[in-house]
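Below, chain A is the first sequence line, B the second, and so on; all start at residue 1. Owing to the predicted nature of the structure, the values given are computational and were not obtained by experimental measurement.
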There are 2 protein chains.
Amino acid sequence: MTAHTLRYYERVGLIQPVGRARNGHRRYSLADEAWLHFLHCMRATSMPIRAMQRYAELRELGDSTSLERRKILEDHQAAIAAQIDELQKAHSLLTHKIANYRKIEQRIRIGGPQTAEPEVDCTLASAS
Amino acid sequence: MTAHTLRYYERVGLIQPVGRARNGHRRYSLADEAWLHFLHCMRATSMPIRAMQRYAELRELGDSTSLERRKILEDHQAAIAAQIDELQKAHSLLTHKIANYRKIEQRIRIGGPQTAEPEVDCTLASAS
DNA sequence: CCTTGACTTTGAGCGCGCTCGAAGATGTAC
DNA sequence: GTACATCTTCGAGCGCGCTCAAAGTCAAGG
């Protein structure tokens with residue numbers, strides 16, 4: 001996380017104006033760091049800035065906003081589950097395709113039949 | 001995948017100029033569809049367009065490019081594994097936080113102690 | 001014939017999330 | 001004392017991946 005990014009997050013209200021040293025330089029407290037870590041974690045899993053802004057806003061308003069905040073997190077958790085699913089599918093598709101490339105390379109090395117088998121391999125069409 | 005996106009992919013060379021009906025309208029073959037499915041799958045897992053362009057380019061050049069293509073796929077597979085990891089971490093963090101919100105809501109419902117316990121919960125700092 | 005609607009082309013525009021650059025104040029090291 | 005780095009503010013710019021608008025062509029239906 002760069003300094004620029006931190007400034008940006010402050011500008012857009014993801015973090016409250018942070019404490020300053022006597023010279024005006026920012027001093028991030030442990031609480032700030034924890035919050036930033038959380039933000040980082042959400043961003044790393046593609047939570048939109050807008051959602052994070054909403055969440056941050058509610059957080060300022062205290063416990064009475066628990067329900068909506070929980071909803072936001074639950075929605076994002078569902079999004080994460082969906083992402084994991086897609087990633088796993090892609091991962092296994094790639095495993096198949098990579099194996100196929102190894103076969104091709106093998107054929108090339110041993111000067112085997114240059115007409116490739118017409119790719120009947122993976123369940124998901126593998127379009128070279 | 002919208003028509004706009006298909007045009008875009010054609011423009012940037014992700015798909016070869018596709019066959020046309022007599023009237024000039026595009027006709028996507030099954031091979032085209034398979035390839036598009038693959039592209040979609042890679043995009044859905046955040047492969048950059050640039051990488052896909054490179055891959056598509058090599059694909060046009062035939063089997064001799066197998067090694068580099070395989071490398072691209074292996075790299076992306078590694079990226080996917082890393083993503084899954086982050087997503088899982090975030091998922092479990094959210095499980096903790098959501099549970100915490102349920103507790104808060106419980107306290108509110110029963111009119112319990114309004115001073116929240118100072119959040120000692122998750123391993124990852126949970127910064128409300 | 002005329003409308004409607006789906007396609008075609010081209011280039012421009014947009015939303016997101018940073019990312020950077022300039023100009024200035026302050027701190028640390030020699 | 002004088003470099004030099006490091007922070008500050010501000011607004012502008014950028015890369016990515018679409019997304020859209022405008023203007024034109026063609027095919028079928030009423």
query = Distance check: side-chain N/O of B:Arg26 vs OP1/OP2 of C:dT9, anything under 4.0 Å?
reply = yes

Output a table of donor-acceptor pairs, distance under 3.5 Å, between side-chain atoms of residues 75-82 of chain A and any protein atom two or more places apart or on a different chain; print 'none' if there are none.
from    : atom 1 : to      : atom 2 : distance (Å)
A:Asp75 : OD1    : A:Lys71 : NZ     : 3.3
A:Asp75 : OD2    : A:Lys71 : NZ     : 2.7
A:His76 : NE2    : A:Thr45 : OG1    : 2.8
A:Gln77 : NE2    : B:His91 : O      : 2.9
A:Gln77 : NE2    : B:Thr95 : OG1    : 2.8

request  = Let me know the distance between CZ of B:Arg22 and C1' of D:dT25, rounded to the nearest Å.
outcome  = 17 Å

task = For B:Ala51, check side-chain contact (heavy atoms from CB on, under 4.5 Å) against everything at least two apart and list the hits.
result = B:Met47, B:Pro48

Shorter than 3.5 Å, N or O on both sides, protein versus nucleotides 14-22 of chain C: list them out with atom names.
from   : atom 1 : to      : atom 2 : distance (Å)
C:dG17 : OP1    : A:Arg43 : NH1    : 3.4
C:dG17 : OP1    : A:Ile49 : N      : 3.3
C:dG17 : OP2    : A:Ile49 : N      : 3.3
C:dC18 : OP2    : A:Tyr9  : OH     : 3.0
C:dC18 : OP2    : A:Arg43 : NE     : 2.9
C:dT19 : O4     : A:Arg11 : NH2    : 2.9

For nucleotides 3-5 of chain C, which of its nitrogen or oxygen atoms have a protein nitrogen or oxygen under 3.5 Å away, and what is each distance?
none

A:Tyr28: partners by side chain to side chain donor-acceptor pair (under 3.5 Å), with sequence neighbours left out = A:Arg7

inquiry  = Rounded to whole Å, how long is the line connecting atom CD of B:Glu10 with atom C1' of C:dG11?
reply    = 17 Å

Atom-to-atom span, CG of B:Leu6 to C1' of D:dC20 - whole angstrom = 15 Å

inquiry  = side-chain hydrogen bond (donor to acceptor under 3.5 Å, both in side chains) for A:Asp32 and A:Ser29? Distances and angles first, verdict last.
reply    = CA-CA 5 Å; A:Asp32 291 331; A:Ser29 70; 3.2 Å; yes

request  = Could you list the residues that satisfy side chain to side chain donor-acceptor pair (under 3.5 Å) with A:Ser64, not counting sequence neighbours?
outcome  = none

inquiry  = Rounded to whole Å, please give me the gap between CZ in A:Arg7 and P in D:dC7.
reply    = 8 Å

message = Considering only residues two or more places apart or on different chains, which pairs with a residue in residues 46-57 of chain A satisfy salt bridge (Lys or Arg N to Asp or Glu O under 4.0 Å)?
response = A:Arg54-A:Glu57, A:Arg54-A:Glu68

ask   = Is A:Leu67 linked to A:Met52 within one hydrophobic cluster, defined over Ile, Leu, Val, Met, Phe, Trp and Tyr using a side-chain heavy-atom separation of less than 4.5 Å?
value = no

note = Sorted by chain and residue number, the side chain to side chain donor-acceptor pair (under 3.5 Å) partners of B:Gln88 (sequence neighbours excluded) come out as none

request  = Only counting residues at least two apart or in another chain, list the ones meeting salt bridge (Lys or Arg N to Asp or Glu O under 4.0 Å) with B:Glu33.
outcome  = none

key: With sequence neighbours excluded, residues passing salt bridge (Lys or Arg N to Asp or Glu O under 4.0 Å) with B:Arg70   = A:Glu105, B:Glu74

Run the side-chain donor-acceptor check on residues 12-27 of chain B: report pairs under 3.5 Å with partners two or more places apart or on a different chain.
from    : atom 1 : to      : atom 2 : distance (Å)
B:Arg20 : NH1    : B:Gly24 : O      : 2.7
B:Asn23 : OD1    : B:His25 : N      : 2.8
B:Arg26 : NE     : B:Glu10 : OE1    : 2.9

Listing time: all N or O pairs from protein to nucleotides 27-30 of chain D that are below 3.5 Å?
none

